[in-house]
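One structure below.
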Amino acid sequence: MPYDLAQAVGFSLPEREVAWNKRDLLTYAVGVGAKKDDFAYIYELDPKFSALPTYPVVLAFKGAEQDVNLFASRAKGIVQVPGIPPMDPNKMLHGSQSVEVLKKLPLVSGPGWKWTSRYTGVSENKTGIVITMENMLIDPNGVPYARLYSSTFNLGAKANGTSFTKVIANAPAAKAAPKNRAPDWMIKDQTSPEQAILFRLSGDYNPLHIDPSIGHAAGFGGVILHGLSTYGFVARGLIKAITNNDPDALTLFGVRFTSPVKPGDALETHAWEVGPGPNGTTEISFITKNVTTGKLSLGSGIAYIKKSEKGKL
C-alpha cells in the first residue's frame, strides 16, 4: 500500500516528563571523557559547577527515571505516526544530532520539565528513509531551555519506492571545512575500553553498546561506543581548547555521524574558525577522525562558541 510521507511532517508526539540531578550531570561528564582537571563538570562543589551544554541529548533516552530502562520497549514506541511505514529498529542508524542552548540548565531539574518531539522532515531514497525530529526541553513554566534536531536513517525502509523530501525545520548547516589552511585547533582525545559502560548510565541502555554478541550480529565486530558519547567527547574538547573550559560559551553544537567508534579508540578533531556566529559567538567548522581506524567518525561539524582570550590556536 502507498504511504503519504508528507502526513508525518509536522506531527507531534505526546509530551514526556524528564528530570535530572547533580549525580546525573557528573555521570554524563565521565561518560564523555571529562578529565581530572575539568572541575566545572566533575566536582559538585566547584564554584563553576555546571552541566555540560550537550547534556540534554541524553534526556530522550533517560526520561525522568533514575533506574535502568528497557531499550527494546522504547525503540518500538507506542504512537503510530501517520504516513510512516513500519521500521526495523535493528536497521535504524543515528544520522545527525544538534543541540542549541537557549538557557543555562539548572543543576537539578525538579518536577514538571517536559520533552516535546515533532517530525520536521522526511526523505525517501533508494537506500531507505531519513526522518528528522525537533525536540524541545521546556521548564514547568513553559520556557524552552534547549532545541535539538536529530535524524535517523532507516536502512532498507520503503514507503513508495520513489524519491521524496519534505523538510519544514532543521538545524543550521555547517560550512565546509577549509581545504586551503591548517586547522586552527587540533584536539586529541582517547576513549577507554570501558567508555560505553560509563556512558550507558546516562540513559541509553541499548545492548549494542555492552553485549559483544549483538555487535557481531549487527556487523560491527563487537561493541561500539554510543555516537552521543563521541559527540560529547568532541564538544567537551572544543570548549576546553577554545574557551578555557567556560561551560557557558557553547550555544550550538551539531554533527553528522559517519562511522562507528569502538571503546578504546583514539579521536582527533580538526577545527576551523569560519566566521562570526550569532549573538557574539564565533562559528566553528570541524571534523573528527578515528585515529585507530583511520576513518572519519564525525563530519559536517558546526559549533557557535564564545571564544576566550586564553583559547590558543
Heavy-atom donor-acceptor pair, Ser259 side chain to Leu296 backbone, under 3.5 Å: yes
Would the distance check show the side chain of Glu124 and the main-chain N or O of Thr165 forming a donor-acceptor pair, the cut-off being under 3.5 Å? no
Hydrophobic cluster membership, Leu25 vs Val58, 4.5 Å side-chain cutoff: yes
Sequence neighbours excluded, the answer for side-chain hydrogen bond (donor to acceptor under 3.5 Å, both in side chains) partners of Gln97 is His94
For Thr191, what residues pass the side-chain hydrogen bond (donor to acceptor under 3.5 Å, both in side chains) criterion, not counting sequence neighbours? none
Donor-acceptor contact below 3.5 Å, side chain Thr292 vs main chain Asn290: no
Can you check whether His209's main-chain N or O pairs, donor with acceptor, with Arg200's side chain at less than 3.5 Å? no
Donor-acceptor pair between Thr258 and Lys295 side chains, under 3.5 angstrom: no
When rounded to the nearest 0.5 angstrom, what is the spacing between OG1 in Thr288 and CG in Asp189? 10.0 Å
More than 12 foreign heavy atoms under 6.0 Å from NZ of Lys188: is that the case here? no
Are side-chain N/O atoms of Thr162 and Asn160 paired as donor and acceptor at under 3.5 Å? no
Please check if the number of heavy atoms outside Lys35 that lie under 6.0 Å from its NZ is greater than 12. yes
Same apolar cluster (I L V M F W Y, side chains within < 4.5 Å links), Leu107/Trp113: yes
Out of Phe253, Phe286, Tyr28, which residue meets the ring pair (Phe, Tyr, Trp, His ring centres under 6.0 Å) rule with Tyr231? Phe253
Residues, nucleotides or ligands: over 12 heavy atoms within 6.0 Å of Lys114 NZ: yes
Hey, is the main chain of Gly254 close enough, under 3.5 Å, to the side chain of Ser98 for a donor-acceptor pair? no
Do side-chain atoms of Trp272 reach the backbone of Ala182 as a donor and acceptor pair under 3.5 angstrom? yes
Is Asp37 atom CG crowded by more than 12 heavy atoms from other residues, nucleotides or ligands, each under 6.0 Å away? yes
Given 3.5 Å as the limit, does a donor-acceptor pair link the side chain of Asn135 with the main chain of Thr116, or not? yes
Leu59 and Phe61: same hydrophobic cluster, using ILVMFWY side-chain contacts below 4.5 Å? yes
Are the side chain of Glu100 and the backbone of Thr251 linked by a donor-acceptor contact shorter than 3.5 Å? no
Establish whether Tyr205 and Val57 are linked, either directly or via other cluster members, by ILVMFWY side-chain heavy-atom contacts under 4.5 Å. no
With distance as the sole criterion, is a donor-acceptor pair present between the side chains of Ser202 and Thr27 under 3.5 Å? no
